[in-house]
Amino acid sequence: MEKINLKALSKQELESFIRDSGLPSFRTRQLLNWIYVKYAQDIQDITEFSKELRESLSERTCISNLKLLDRQTSKDGTEKFLFELEDRETIESVLISDNERLTLCISSQVGCAMGCRFCLTGKLGLKRNLRPHEIVDQIISVSRIIKPPVIAHHPILTKGRSGDSLYKKITNVVLMGMGEPLANAENVVDALWRITGLMKMSPRRITLSTSGIAAKITGLPKKAPMVNLAISLNATTDEVRDYLMPINRIYPLKKLLGACRRFPLPARRKITFEYVLLKDINDTPEDAKRLISLLKGIPSKVNLIPFNAYDRAEFQRPDDESVLTFQDILTKGHILAFIRKSAGQDILAACGQLKARYKIENSK
Ligand code: SF4
């Protein structure tokens, strides 16, 4: 008989399982704590349970774990993790260290069906949606993998549970890895409740990035915790956006930005607009001026990301001067604009690139 994977169960399903097993209800709380806070990898890790209880649970249940296939560290400290799922599909997560923040970029699908032209994941196509526990497990797995640090009193380092050791702690999570989160909205929403409710991460520290499924953006606040919203915009005309991002043919700029305007933002929060700058495609001063008009009425900030060129890429990175001019025009138009360097350029840290390379190398 196939064992029940306790990590795959929702809180309600776990409660039913505990009840049906004739165990007291406090065992649910203990199990959730061991899985989502203490990161137990096996029933036998749960030392709070008697040996007999562990043995009987082990006969019927298990706790799944992602298998680490590859880990690369960039010169700038960015780390990429390639994980294998139970069906041997692979996903990736990227850990970015930035001053006081340690941000984990996680995947929501195996591959992606959205077909954005500048993205390697888009070229791989969609294999399947990730299940809620597979989304959450990226945070658990990377948290376990991170090595104990050597420097004390660093802001991103936290006292170990025993109080005597120090370990790095993920402070922020972005759903910006492989996949379109809103194309797997039900599982992503379930994962977000686990991350905020069971792992106790503040929704303010979580960002969901979408290529622009406007209908799902509108429904999000009713279903999910109030996480930050980021829109991968990348163009200022429908013509260019249709070319770069096929989703624009279904939800053109007017519909997408209309959904953003209606999005019930909490006080002092902004929507982040990601804008990958592609030489001679979307990087002109006219684009910058159009962007100012498009974002009117939306509390927003813009992340400008000069394209991270890869082998045989169709696009080029703009020169630094064009990037600075673009930023300058936005700033003068009262739009908060930041230039983000693509983290981990030497290890291919744009979404999908590690997996794409792994596939290529292993098919040689
Ligand atoms: S940019 Fe995001 S939505 Fe577009 S193809 Fe890549 S992973 Fe999918």
Side-chain angles (χ1 to χ4, degrees), residues 80-83 89-94 96 103-130 134-135 138 173-185 187-188 191 207-217 220 227-235 238 240-253 255-256 259-260 271-278 281-282 302-315 317 340 342-345 348-359:
K80 291 200 76 165
F81 303 88
L82 185 76
F83 290 114
E89 291 294 350
T90 54
I91 51 166
E92 61 185 20
S93 317
V94 179
I96 304 153
T103 302
L104 186 67
C105 175
I106 59 175
S107 298
S108 55
Q109 297 182 304
V110 182
C112 184
M114 307 312 282
C116 303
R117 272 185 181 259
F118 49 83
C119 169
L120 267 177
T121 300
K123 297 193 192 320
L124 297 173
L126 175 68
K127 286 282 178 61
R128 71 169 173 88
N129 285 335
L130 289 186
E134 293 170 326
I135 298 170
Q138 296 168 68
V173 166
V174 292
L175 280 133
M176 214 179 271
M178 292 169 60
E180 162 54 61
L182 295 184
N184 182 20
N187 290 347
V188 165
T207 301
L208 183 151
S209 173
T210 174
S211 60
I213 305 183
K216 295 279 170 80
I217 293 173
L220 202 59
V227 298
N228 300 306
L229 181 66
I231 308 289
S232 182
L233 193 67
N234 310 318
D238 280 323
V240 174
R241 200 163 191 270
D242 280 355
Y243 170 70
L244 293 176
M245 305 178 74
I247 185 69
N248 198 67
R249 293 176 206 149
I250 302 169
Y251 299 110
L253 283 166
K255 270 196 183 165
L256 171 59
C260 292
I271 296 178
T272 302
F273 290 89
E274 310 286 347
Y275 197 99
V276 177
L277 283 162
L278 306 163
I281 303 284
N282 63 2
V302 175
N303 281 340
L304 299 171
I305 310 154
F307 180 61
N308 188 8
Y310 50 84
D311 227 12
R312 296 193 290 272
E314 181 183 345
F315 302 105
R317 182 191 177 89
R340 303 285 188 211
S342 305
Q345 285 191 25
L348 301 170
C351 71
Q353 295 192 21
L354 179 68
K355 181 182 160 85
R357 199 182 80 169
Y358 190 82
K359 275 189 89 160

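Atoms within each ligand, like the ligands themselves, are counted from 1 in listed order.
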TODO: Examine all N, O or S atoms of C112, backbone included, and report whether one is under 2.8 Å from atom 8 (Fe) of ligand 1.
DONE: yes
Open item on the list: Which option wins on minimum heavy-atom distance to atom 2 (Fe) of ligand 1: G179, G122, S232?
Closed with: G179
Task: Sidechain N-carboxylate O distance under 4.0 Å for K216, E180 - done: no
Open item on the list: Given C116, S211, G177, identify the one with the heavy atom nearest to atom 5 (S) of ligand 1.
Closed with: C116
Task: Lys/Arg-Asp/Glu bridge criterion (N-O < 4.0 Å) met for K80, E92 - done: yes
- [ ] Check each atom of ligand 1 against the heavy atoms of C119 and keep those under 4.0 Å away; list them by number with element.
- [x] 1 (S), 5 (S), 6 (Fe), 7 (S)
- [ ] Examine distances only and state if a side-chain atom of N303 and a backbone atom of E274 form a donor-acceptor pair shorter than 3.5 Å.
- [x] no
- [ ] Take L182 and L208 through the test side-chain contact (heavy atoms from CB on, under 4.5 Å) and record every step on the way to the result.
- [x] CA-CA 9 Å; L182 295 184; L208 183 151; 4.0 Å; yes
